[in-house]
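The structure appears right after this line, and notes come after that.
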There are 2 protein chains.
Amino acid sequence: MADFSSKDSEYLSRLQDYYAEWKSIPSYAALCEVFGIASKSWVKAILNRLAEAGFLERTPDGVWIPAPPFFARPLAESAVQAGMPVAVSATQGEHFVIDEMLIETPSRSVLIPVKGDSMIEAGIHDGDVAVVEKRLTANLGDIVVAIVDDAFTLKTLDKEAGKFVLRPANAAYPVIRPEASLEIFGVLVGLIRKYR
Amino acid sequence: MADFSSKDSEYLSRLQDYYAEWKSIPSYAALCEVFGIASKSWVKAILNRLAEAGFLERTPDGVWIPAPPFFARPLAESAVQAGMPVAVSATQGEHFVIDEMLIETPSRSVLIPVKGDSMIEAGIHDGDVAVVEKRLTANLGDIVVAIVDDAFTLKTLDKEAGKFVLRPANAAYPVIRPEASLEIFGVLVGLIRKYR
DNA sequence: TTGACAACAGAACGATTGTTCTCCAAAATT
DNA sequence: AATTTTGGAGAACAATCGTTCTGTTGTCAA
């Protein structure tokens, strides 16, 4: 049984990005370009492994279609604000299916549950799910996920006296003034809340 | 320019059903079965009209792909709080795509843009999109969409002196005390916000 | 009753598809 | 040092695909 290598997950995310843009799975020939390889037979081998891993299926006619896990995004186990390991790649936890409406770049987006009320005045509540696009830079005024003291924090990016600061949206919390450089994990692009 | 007949919308919904099941647009030959016709050339003519109506597109390679209106569920034209017609079925306005994550009962669910800040203390902002499940009854404490003076209002359902009242989450707004019975349109089950 | 148009059916055809097969170089294993 | 495994390349081929073109109905107005 062929196992799912790290290269395969690279292929998967390329395919996810392609699908997000075109909403269809292309032909083997087109997948050669998408994957950056030249062999149709190898494309087929890759798709078969993705199917074995549960990300793809075939219709009775043999047409490749995405299976539910194809759409699932990793839901980070720990939440923003709590002490969360910097590496968010591990995807052990729950899965969460959401359409690309909020997610323009699926492979670079992560869903992170929000913990705490430091952004409550921005309408971001404890238990909300943040849609975060992983990026190293952000603009002033963006709500960013930053890495502070090895933990994730959701704050508004601002500037004070020429230095970047992280401003909470809750008068009870202090502005965070990083000593050295500011490490940005990603930018908040969407928010999802479930009632009941 | 060929116009979009009622038969075409029948073809469209068949295609939508097929896509919902298989998440791909089949070949012309397969579409013959889906549409219940026998001519590939006529299938092509149909798809061209669906494309003209905005439901389909083609990739640069000529592959048919669904366009956003293909997925759209009705996004109520007017927003909650503004004077909105009671019938929400008409789907003229903007379109909005979202997966079933927040929508457990798609056929009974509607997306409604939120207007105003009467619920801001509940973290519901102007411009947010409310996921509303159409129901005639609700529980105390639910955030409901109620029909007040022929307009939609998003408020928390509460009880005062034995009578139902609609409580805003903003100190600047008054509690609504309906004289007679309270007409409930639906219950808020989810919230979606987009940044940028 | 004619004639135009809409709604298909069906054939023909070159291009493209997925499949299978053989081959190969580098890395890993023995 | 020898050998197996990994990660692909490339050719060949029947089946299928989309396209185009020509017919064939039924309908409805003139």
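Chain naming here is simple, since letters A, B, ... match the order of the sequence lines and numbering starts at 1 in each.
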Nearest-Å distance for atom pair CD1/C1', residues A:I46 and C:dG18: 15 Å
Ordered by number, residues from residues 28-38 of chain B within less than 4.0 Å of DNA chain D (heavy atoms) are B:Y28, B:A29
Euclidean distance, atom CD1 of residue B:I65 to atom P of D:dG18 [Å, nearest integer]: 15 Å
Please confirm whether A:F70 and A:F55 have ring centers closer than 6.0 angstrom. no
A:E10: what forms a salt bridge (charged side-chain N to carboxylate O under 4.0 Å, His left out) with it, not counting sequence neighbours? A:R14
C:dG10 OP1/OP2 closer than 4.0 Å to side-chain N/O of B:S39: no
Within 6.0 Å of CG in B:L140, more than 12 heavy atoms from elsewhere: yes
Nearest whole Å is fine: how far is D:dC17 C1' from B:D61 CG? 14 Å
Rounded distance (Å) that lies between atom C1' of C:dT17 and atom CZ of A:R58: 12 Å
Within this structure, what is the CZ-to-P distance between A:R49 and D:dG7, rounded to whole angstrom? 7 Å
Whole-Å distance separating the OH atom of A:Y11 from the C1' atom of D:dG8: 8 Å
For A:P178 and A:V165, work out which heavy atoms get closest and say how close. CD-CA, 4.3 Å
Might you list the N or O atoms of the protein lying below 3.5 Å from N or O atoms in nucleotides 20-25 of chain C, with each pair's distance?
unit_1 : atom_1 : unit_2 : atom_2 : d
C:dT20 : OP2    : A:K44  : NZ     : 2.9

Begin from the C-alpha positions of A:W64 and A:Y28 and carry the test side chain to side chain donor-acceptor pair (under 3.5 Å) through to its verdict. CA-CA 10 Å; A:W64 287 105; A:Y28 287 5; 2.8 Å; yes
Rounded to the Å, how far apart are B:W64 CH2 and D:dC17 P? 16 Å
